[in-house]
Amino acid sequence: MVDADDSHLVTERRQKAARYRSAGKEPYPWDFPGRVPTSEVRAACQGLSNGAADEARTLKVAGRLKIVRQHGKSAFLDLEDRSGAIQLFARVDELGEEGYADLLSVLDPGDIIGATGHPLVTRRGEPSVRVDSVVLLAKAIAPPPEKFHGLQDPEERLRRRYVDLLSSRESLARFTARTLLVRELRAYLDGLDFLEVETATIVPVASGAAAQPFVTHSNYLNAELQLRIALELALKRLLVGGMERVYEVGRCFRNEDLDTTHSPEFSMLELYWAYADYSDMRRLVEGMFARLAEVAAKALPDLPAAREAPELFRPPFATVDYVGELEKRSGIADLLGRSREELRELARTVGATVPDDSPKGKFMDKLFEHYVEPHLIRPTFVLDFPADTTPLAKRHRSRPGLVERFELFARGYELGNAYTELNDPDEQEARFKEQLSGRGEDHYALDTDFIEALRYGMPPATGYGGGIERLVMALCGVSSIKDVILFPPVRARSPKA
RNA sequence: GGGCCCGUAGCUCAGUCGGUAGAGCAGGCGGCUCUUAACCGCAAGGUCAGGGGUUCGAAUCCCCUCGGGCCCGCCA
């Protein structure tokens with residue numbers, strides 16, 4: 001499959017390149033100046049009636065040759081670039097008997113070519129370029145996937161993403177959309193006077209979440225280092241330092257399994273906003289998603305789920321109370337009044353297998369995941385969580401045992417998480433230690449320097465964090481995280497492959 | 001970690017009571033000057049993921065390995 005070197009198709013393509021070369025032409029030339037996007041050709045064809053060419057105008061286009069339809073002494077070649085596709089019309093009349101024959105004998109689907117010619121609308125009404133010359137810009141030695149179905153094998157689509165992209169407009173558009181969404185996200189936050197920062201990815205102790213870190217080694221420090229699992233503690237240090245409004249979009253790494261909504265390597269957005277609380281953050285996040293939904297719809301007009309995003313993400317989003325919603329959906333009364341043993345048994349009934357000594361909130365989370373989460377299709381803010389599973393959030397100003405926290409859900413999964421940030425250093429230290437005493441120390445590391453930072457005074461603030469991949473998935477209606485990560489983690493091919 | 005499923009030509013896919021491995025696309029040769037997955041004809045293209053076993057005979061049945069998919073569990 002990959003070992004294309006043995007295929008006669010490769011041999012034939014090499015021979016074509018060699019033939020081209022022996023005719024004094026370069027199959028891999030250095031440039032092709034003056035090309036315009038194919039969209040410009042379509043625009044140039046706007047005023048032309050069927051069968052008419054604009055002889056006064058000469059255009060150059062470049063891109064990948066997708067399909068050749070030969071008719072003896074004329075041929076149609078479909079050329080594709082980032083802006084779309086355009087049909088080339090090549091005839092003996094313009095190219096000459098010899099030139100025409102030489103050209104077609106050297107071209108294959110998949111080749112990168114450049115064409116020079118005149119805008120033409122065919123008798124059938126197709127915008128085209130009637131070419132005076134076509135040159136190879138890069139001979140493709142490997143054959144592209146089948147022209148109609150493209151690359152279907154999910155494994156190959158991940159391992160050779162370039163083939164997926166070059167053969168699937170849909171895939172190219174989806175990944176382009178991801179970039180446009182992140183660009184717009186930055187524009188939104190920049191417009192609100194947030195500062196984008198970059199913090200360390202390689203750190204002495206990964207903290208800010210409870211995931212298993214990747215471990216590495218520094219030759220310089222001669223010490224074990226870890227890859228960050230969250231941005232939170234670094235960004236809050238910046239609030240201490242006076243940056244007031246900061247955000248980061250960056251890779252985080254969690255040494256855990258992957259599924260449709262988790263990947264070991266993923267991008268996170270986190271933002272921190274001084275002198276604001278989680279209610280302010282709700283409005284900000286709502287506005288952000290509403291604005292991004294417009295971008296998604298525009299970027300992926302052919303994808304129904306993306307087209308419907310602006311409607312789905314139209315503010316105001318639904319708001320529900322964490323405990324209240326869970327009690328309502330599960331039919332379980334007085335959750336906060338239940339003992340840990342009762343909650344553990346309830347969690348068991350929904351198939352959860354968490355350690356017996358987990359905090360009560362952990363069992364409630366399992367119930368929430370089972371009874372509530374799958375039903376949260378429309379964007380919904382879930383408010384006010386048990387304190388024992390949220391050590392970085394400030395206790396609720398009026399509801400004992402809870403913290404000021406919301407999570408945003410849509411399409412049945414979590415999109416983001418926000419708190420009114422805990423800024424009391426002594427309480428923070430106590431909460432950390434409480435967390436540590438309960439369970440798996442190897443899952444949680446005490447960042448003493450962070451507590452030290454809080455001692456210098458962090459303004460009251462709110463923070464939000466959410467995965468970029470899930471954001472893209474939700475806005476574009478993509479169901480697997482691998483479809484929004486260009487190069488997801490894959491196993492090395494076995495040596496034999 | 002558990003369960004189920006998948007791996008056949010460069011690509012997309014057929015092919016189970018076990019009996020010489022098929023099609024379409026792409027590629028080759030020939031024909032065709034307005035096609036749209038162009039069309040028509042001819043010829044070619046295979047370590048059936050890899051290894052082992054059962055059998056007179058294995059793509060097909062069994063076991064192992066590799067890779068992948070889906071579901072569940074785990075991941076505050």
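The structure presented is a predicted model; accordingly, all values stated were derived computationally and were not measured. Just so it is clear, the values below take in all heavy atoms, side chains as well, and ignore hydrogens, waters and symmetry mates. By convention in this document, chain letters (A, B, ...) are assigned in the order of the sequence lines, proteins followed by strands, and residues within each chain are numbered from 1.
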On a whole-Å scale, what distance lies between the C1' atoms belonging to B/U20 and B/A58? 13 Å
Just checking, any donor-acceptor pair under 3.5 angstrom between side chains of A/Thr116 and A/Asp132? no
Give me the distance, rounded to whole Å, that separates B/G3 from B/G73 when you measure between the P atoms they each carry. 16 Å
Base, sugar-phosphate, or nothing: which does A/Ala352 touch, judged by heavy atoms less than 4.0 Å apart? sugar-phosphate
Rounded to the nearest angstrom, tell me the gap between atom CZ in A/Arg123 and atom P in B/U33. 12 Å
Nearest to side-chain heavy atoms of A/Pro145, which nucleotide of B/C11, B/A76, B/C74: B/C11
Rounded distance in Å between the C1' positions of B/G2 and B/A26: 42 Å
Set of residues satisfying side-chain contact (heavy atoms from CB on, under 4.5 Å) with respect to A/Glu97, sequence neighbours excluded: A/Lys73, A/Val92
What does B/G41 pair with, Watson-Crick or G-U, if both distances are under 3.5 Å? B/C29
Contacts of A/Ser480 meeting side-chain contact (heavy atoms from CB on, under 4.5 Å) (sequence neighbours excluded), chain-then-number -> A/Lys482, A/Asp483
Checking B/C34, B/C74, B/U12 against the side chain of A/Gln152 (C-beta onward), the nearest is B/U12
Between A/Leu65, A/Leu103, A/Leu107, A/Ile112, which is the residue that forms a side chain to side chain contact (heavy atoms under 4.5 Å, CB included) with A/Leu136? A/Leu107
By nearest heavy atom, map A/His71 and A/Thr390 onto RNA chain B; which one lands nearer the 5' end? A/His71
Could you tell me whether A/Lys366 contacts a base, only the sugar-phosphate backbone, or nothing, with contacts defined as non-hydrogen atoms closer than 4.0 Å? sugar-phosphate
I'd like to know if the side chain of A/Asp384 pairs up with that of A/Tyr278 as donor and acceptor (distance under 3.5 Å, no hydrogens or angles considered). yes
When both hydrogen-bonding distances must be under 3.5 Å and the geometry is Watson-Crick or G-U wobble, what is B/C4 paired with, if anything? B/G69
Hey, can you pull the residues of residues 89-103 of chain A with a non-hydrogen atom under 4.0 angstrom from RNA chain B? A/Phe89, A/Arg91, A/Asp93
Please determine, by modelled atom types, if A/Arg251 and A/Ser267 share a side-chain donor-acceptor pair under 3.5 angstrom. yes
Under 4.0 Å between any heavy atoms, over every strand shown, what does A/Gly351 touch: base, sugar-phosphate, or nothing? Just pick one. sugar-phosphate
Across all chains, not counting sequence neighbours, the side-chain hydrogen bond (donor to acceptor under 3.5 Å, both in side chains) partners of A/Glu327 are none
ring-ring contact (aromatic ring centres under 6.0 Å, His included) contacts in which one or both residues fall within residues 63-102 of chain A, not counting sequence neighbours: A/His71-A/Phe76, A/Phe76-A/Phe89
Could you state the OH-P distance from A/Tyr162 to B/G10, rounded to the nearest angstrom? 16 Å
In whole Å, what separates the C1' atom of B/C29 from that of B/A44? 10 Å
For A/Tyr28, give me all partners under side-chain contact (heavy atoms from CB on, under 4.5 Å), at least two apart in sequence or on another chain. A/Arg21, A/Glu26, A/Ala138, A/Lys139, A/Ile141
Given atom CD of A/Glu155 and atom C1' of B/G67, what is their separation to the nearest angstrom? 5 Å
side-chain contact (heavy atoms from CB on, under 4.5 Å) partners of A/Lys236, counting only residues at least two apart: A/Glu232, A/Tyr272, A/Leu392, A/Glu421, A/Phe450, A/Met458
Toward the 5' end of RNA chain B, by each residue's nearest nucleotide, A/Val490 or A/Gly150: A/Gly150
Work out how far the C1' atom of B/C25 is from that of B/A9, and round it to whole angstrom. 12 Å
With heavy atoms under 4.0 Å as the rule, sort A/Asp365 into base, sugar-phosphate or nothing. sugar-phosphate
P gap between B/G67 and B/G24, integer Å: 35 Å
Length of the line joining A/Asp259:CG and B/C71:P, which is rounded to integer Å: 9 Å
Identify, with sequence neighbours excluded, every residue that meets side-chain hydrogen bond (donor to acceptor under 3.5 Å, both in side chains) alongside A/Arg64. none
A/Glu256 has a side chain; which of B/G67, B/C75, B/C34 sits nearest to it? B/C75
Are a donor atom and an acceptor atom from the side chains of A/Glu248 and A/Thr199 found within less than 3.5 Å of each other? yes
Interface polar pairs with nucleotides 2-7 of chain B, N/O, under 3.5 angstrom:
none

When the C1' atoms of B/A14 and B/U8 are compared, how many Å lie between them, rounded to an integer? 10 Å
Given B/G28, is OP1 or OP2 found less than 4.0 Å from the side-chain N or O atoms of A/Lys16? yes
Output every pair passing ring-ring contact (aromatic ring centres under 6.0 Å, His included) with a member in residues 353-376 of chain A, not counting sequence neighbours, ordered by first then second residue. A/Tyr322-A/Phe368, A/Phe368-A/Phe409
Nucleotide B/A76, atom P - distance to CE of A/Met364 in whole Å: 17 Å
Given B/G67, B/G10, B/U36, which nucleotide is nearest the side-chain atoms of A/Leu9? B/G10
In whole angstroms, the gap separating P of B/C13 from CD of A/Glu146 amounts to 9 Å
In whole angstroms, how far is the P atom of B/G69 from the CG atom of A/Asp483? 10 Å
Taking atom types as modelled, is there a side-chain donor on A/Thr122 or A/Ser128 under 3.5 Å from an acceptor on the other? no
Regarding the side chain of A/Thr353, the nearest nucleotide among B/A76, B/G69, B/G73 is B/G73
Between B/C71, B/U36, B/C74, which nucleotide has the shortest distance from any of its atoms to the side chain of A/Glu126? B/U36
Minimum-distance nucleotide (side-chain atoms of A/Arg159 versus B/G68, B/G1, B/U12): B/G68
Residues pairing under ring-ring contact (aromatic ring centres under 6.0 Å, His included) where one sits in residues 113-144 of chain A, two or more places apart or in two chains, turn out to be none
Is the phosphate of B/A26, meaning OP1 or OP2, less than 4.0 Å from a side-chain N or O of A/Lys66? no
When rounded to the nearest Å, what value does the distance between C1' atoms of B/G10 and B/C48 take? 16 Å
Expected string for nucleotides 39-45 of chain B under the B/S/- scheme (protein heavy atoms, under 4.0 Å, primed atoms plus P, OP1, OP2 as sugar-phosphate) is -------
Does A/Arg69 have a side-chain nitrogen or oxygen under 4.0 Å from the phosphate oxygens OP1 or OP2 of B/A37? no
When rounded to whole Å, the NE2 to C1' distance for the pair A/His370 and B/C71 reads 14 Å
